[in-house]
Amino acid sequence: MMHGWQLTSHDTLILEEIGDCVAVYSNATGETHLLDALPAEVLSCLSSGACLTHLELAVAVAAVADEPWENWLPQVCNVLERLASMQLVERFER
Amino acid sequence: MNTLIAVLRNPNCAREFSPSQWEALLGEGRRTRMLARLHHLLAQKVPDLDLPVAVRDVLSGHARYVAHMHVLVRSELRRLGKLAAQVDYPVILLKGAAYLMAELPFAAGRGLSDIDVLVPRHALQDFEQRLRDVGWEFDPNLTAYDNQYYRQWSHELPPMRHSDCSLELDVHHNLIQVTSRSALDVAPVIERSTRVAGTPFYVLAPTDRVLHSALHLVMSDELRGGIRDLYDIHAACLHGAARDANFWPDLLAHGRTLGLLRPLYYCLSLAGDIFGLEPPDTVWRAVRAARPAYPVDRFMSTLMRWHLVPQVDQPWRAASAEQLLYLRSHWVRMPPGLLLRHLVRKGGWWVRGDSTASGGALSAR
Amino acid sequence: MSRRLREQRLCFATGPFKVRLGSDVDSFSATWQRSYASLDVLPAEEICHFRIAVERQRGARRWYRPQVVFRIEGLTPFDPYPLDHAFPMFEWGLNWCIAMSAHDYLMLHSAVVERDGCAVALPAQPGSGKSTLCAALVGRGWRLLSDEFGILRHADGSFLPLPRAAPLKNASIPLLQNFAPHLGFGPRYAKTRKGDVVHMFPPGDSLQRQADPARPRFIVFPRYEPDAVLQLHAQPPEVAMTRLVNNSFNYRVSGAQGFRSLCGLVRECESYQLINGDLSEAVAALESLLQERGR
């Protein structure tokens with residue numbers, strides 16, 4: 001069994017581009033967050049309800065950013081931890 | 001209070017309202033903190049009725065505020081749920097949080113500003129420690145007297161707060177003050193509580209929900225919520241009876257074993273008078289048998305009616321009713337010596353009424 | 001009108017809200033009537049949002065230290081004020097009622113003025129010179145939408161006016177009276193909680209146009225610093241968004257709709273930080289901003 005990441009259950013997010021950032025509204029907590037491009041990209045990958053591992057997310061981000069996925073891996077892991085502390089994503093055993 | 005009660009009894013009557021009746025409804029709704037409730041009631045029961053603009057604005061503005069409080073409570077319950085899932089005793093939600101979690105229809109538009117939970121007394125220390133471990137704390141300004149008062153005499157811990165959360169958390173181990181002269185064995189209530197599917201939380205059985213609300217309305221010093229709480233009881237009875245044929249006989253039986261027939265009598269009698277609630281005859285006769293001797297019954301019923309249904313032209317009635325009921329609620333809950341000490345500590349409660357109708361003058365804590 | 005006030009039958013509109021007002025305080029009635037002389041009084045049977053009374057406090061104190069209470073629907077949410085401060089109490093109390101109730105709108109803590117179809121929001125904390133700057137612009141002929149509330153309508157993202165008497169404090173009072181002596185000013189209220197206060201009355205034109213919304217064009221965060229050299233910096237929208245979230249009366253209550261409206265506002269507007277030490281310079285800077293970058 002390995003764990004992936006998904007949006008916090010029961011939550012739906014609204015994402016809006018504002019200047020160089022993405023503003024994110026969580027319907028479950030009522031909180032607003034301003035995020036950089038990378039965390040916003042990670043959230044939009046998960047926003048269809050998908051449950052993805054950090055590897056899959058690094059590959060998805062690399063496809064948008066045109067760089068080898070290995071380069072993204074550490075940053076993606078970092079971003080996931082930060083998003084989890086904001087209650088936007090959670091670990092999921094699959 | 002006539003327009004509010006008329007609408008609660010029969011929302012259709014709003015179709016005939018004159019401008020001054022609409023304004024009276026806004027006033028009564030604000031004074032009883034039922035504006036958001038009115039918004040949902042009218043939207044559900046008379047959806048085709050075009051409300052006057054000012055009425056629509058005020059009701060929906062307050063409904064939005066309450067909906068926001070519900071988001072905060074739900075969000076906080078998700079965090080508390082992680083804690084509740086780790087323990088081997090039931091964590092029972094009470095009042096507003098329970099109505100929300102159990103998705104009861106009368107939760108819509110019901111305001112709340114704190115979360116109340118009940119845990120068995122033996123688990124109280126463990127639960128308190130777990131809450132403190134995740135950052136819940138007591139008010140640092142709590143005096144030694146208050147702290148000791150809660151620990152020794154109260155049925156709950158002092159209110160707890162969390163830096164990430166604007167809500168207050170009240171942890172109870174009983175439904176009524178432990179000093180009360182009508183002490184309550186809460187074990188069967190905990191035994192009957194049921195788990196809310198898909199959550200780690202428990203809620204009271206429908207009968208106990210009514211008994212708890214009745215107890216709270218009759219004994220509590222938070223009298224201002226009066227008519228709102230009575231309406232909760234009315235709605236909870238209708239909801240319980242519609243779902244379970246045994247609701248009324250069970251309510252009677254549980255009220256009897258818990259020794260709560262007296263508060264149940266007062267509430268059912270008032271809900272009958274005010275909202276037209278009709279328990280089955282056999283049940284009502286048995287509950288009614290628990291009423292006090294005639295003069296006391298008449299005195300209490302009149303006081304409670306004055307308090308719950310204040311007349312704008314006779315504000316002194318509501319004010320004197322509040323003060324007498326406040327004194328009584330403490331009389332019931334505390335031995336006389338302790339009562340005197342508490343009132344002296346709280347200081348000057350009797351000069352604060354100041355003849356404003358239900359102005360919330362008596363905030364005991 | 002005084003009789004209507006005494007009988008609680010005076011109905012009037014302030015922006016999108018209707019108020020039924022009663023008072024037995026003559027000095028209050030007089031000031032109210034001077035401030036809102038250009039308002040149309042509504043029929044007494046109008047259904048109003050708020051029923052407000054500004055009344056003498058009864059009881060023994062009335063003989064040696066008369067006080068006034070603010071009632072909304074018969075409730076008294078605040079401690080009484082000294083009787084001669086009835087007008088500031090009414091203004092403050094009505095603002096409180098609106099801030100606590102009007103959650104169908106996104107309410108920013110901001111002054112809003114308009115010229116040539118461009119609304120400028122001046123959101124700021126107390127002490128930033130927001131009211132002073134707002135009053136000065138009004139003195140130069142800008143339309144006053146509000147000194148205190150940026151009321152944003154979700155449906156179309158426009159600002160709704162709420163023209164009211166604007167309290168000027170302490171040093172701002174002589175500054176404004178010299179800068180724009182033609183404006184209407186109320187009596188001086190000494191030693192209120194915020195020091196000495198004089199109200200600038202809303203100009204008749206602003207009152208008559210209180211039903212006309214305005215399109216937001218600029219968000220300017222003012223900051224008064226004594227002797228500062230004037231600086232007007234563009235601000236990225238994400239910074240404006242963060243500041244407005246924290247400056248709103250009811251952003252969180254407004255939920256997803258508030259989020260969308262605020263995103264729309266910072267996208268539609270250019271945002272600036274304005275640091276100023278001189279009122280005339282600040283006014284000139286905003287006037288040339290409007291000339292160069294207005295619609």
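Every chain is numbered from 1 and lettered A, B, ... according to where its sequence line falls, protein lines coming before strand lines.
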Asks: Considering only heavy atoms and a distance below 4.5 Å, find which of M69(B), H68(B), E23(B) pairs most often with chain C.
Replies: E23(B)
Asks: Looking only at side-chain N and O atoms, does S20(B) offer a donor or acceptor that is under 3.5 Å from a partner on E45(C)?
Replies: no
Asks: Contact part of P19(B) toward chain C, heavy-atom cut-off under 4.5 Å: side chain, backbone, both or neither?
Replies: both
Asks: Do any of residues 101-113 of chain B have a heavy atom less than 4.5 Å from a heavy atom of chain C, and if so, which, in residue order?
Replies: none
Asks: Side chain from CB out, backbone as N, CA, C, O: work out which of these in L72(B) comes under 4.5 Å of a heavy atom of chain C, or both, or neither.
Replies: side chain
Asks: Charged N to carboxylate O below 4.0 Å: is that the case for E137(B) and R161(B)?
Replies: no
Asks: For residues H103(C) and H62(B), determine if any side-chain heavy atom of one lies less than 4.5 Å from a side-chain heavy atom of the other.
Replies: no
Asks: Using atom types as modelled and distance alone, determine if a side-chain donor or acceptor of Y81(C) lies under 3.5 Å from a backbone N or O of T192(C).
Replies: no
Asks: With a 4.5 angstrom heavy-atom cut-off, which part of Q257(C) approaches chain B: side chain, backbone, both or neither?
Replies: side chain
Asks: Could you tell me which residues in residues 238-255 of chain C have at least one non-hydrogen atom under 4.5 Å from a non-hydrogen atom of chain B, sorted by residue number?
Replies: R252(C), V253(C), S254(C)
Asks: Under a 3.5 Å distance rule, please check whether Q210(C) uses its side chain to pair with a backbone N or O of A13(C) as donor and acceptor.
Replies: yes
Asks: Using distance alone, with no hydrogens and no angle criterion, decide if H39(B) and S60(B) have a side-chain donor and acceptor under 3.5 Å apart.
Replies: no
Asks: Checking heavy atoms, do the side chain of F50(C), its backbone, both or neither come under 4.5 Å from chain B?
Replies: side chain
Asks: For E148(C) and H109(C), test the side chains for any donor-to-acceptor distance below 3.5 angstrom and give the result as yes or no.
Replies: yes
Asks: Main chain of V54(C), side chain of S23(C): is a donor-acceptor contact present, judged purely on distance under 3.5 Å?
Replies: yes
Asks: Is it true that a side-chain atom of Q21(B) and a backbone atom of S18(B) form a donor plus acceptor pair closer than 3.5 Å?
Replies: yes
Asks: Ignoring hydrogens and geometry beyond distance, is a side-chain donor-acceptor pair present between R37(B) and T32(B) at under 3.5 Å?
Replies: no
Asks: Run the side chain to side chain contact (heavy atoms under 4.5 Å, CB included) test on H162(B) and L169(B) for me, step by step, so that the C-alpha distance in whole Å, both residues' side-chain angles and the decisive distance to 0.1 Å come before the verdict.
Replies: CA-CA 9 Å; H162(B) 195 287; L169(B) 179 65; over 6 Å; no
Asks: Using 0.5 Å steps for rounding, measure from the NE2 atom of H234(B) to the CG atom of D229(B).
Replies: 14.0 Å
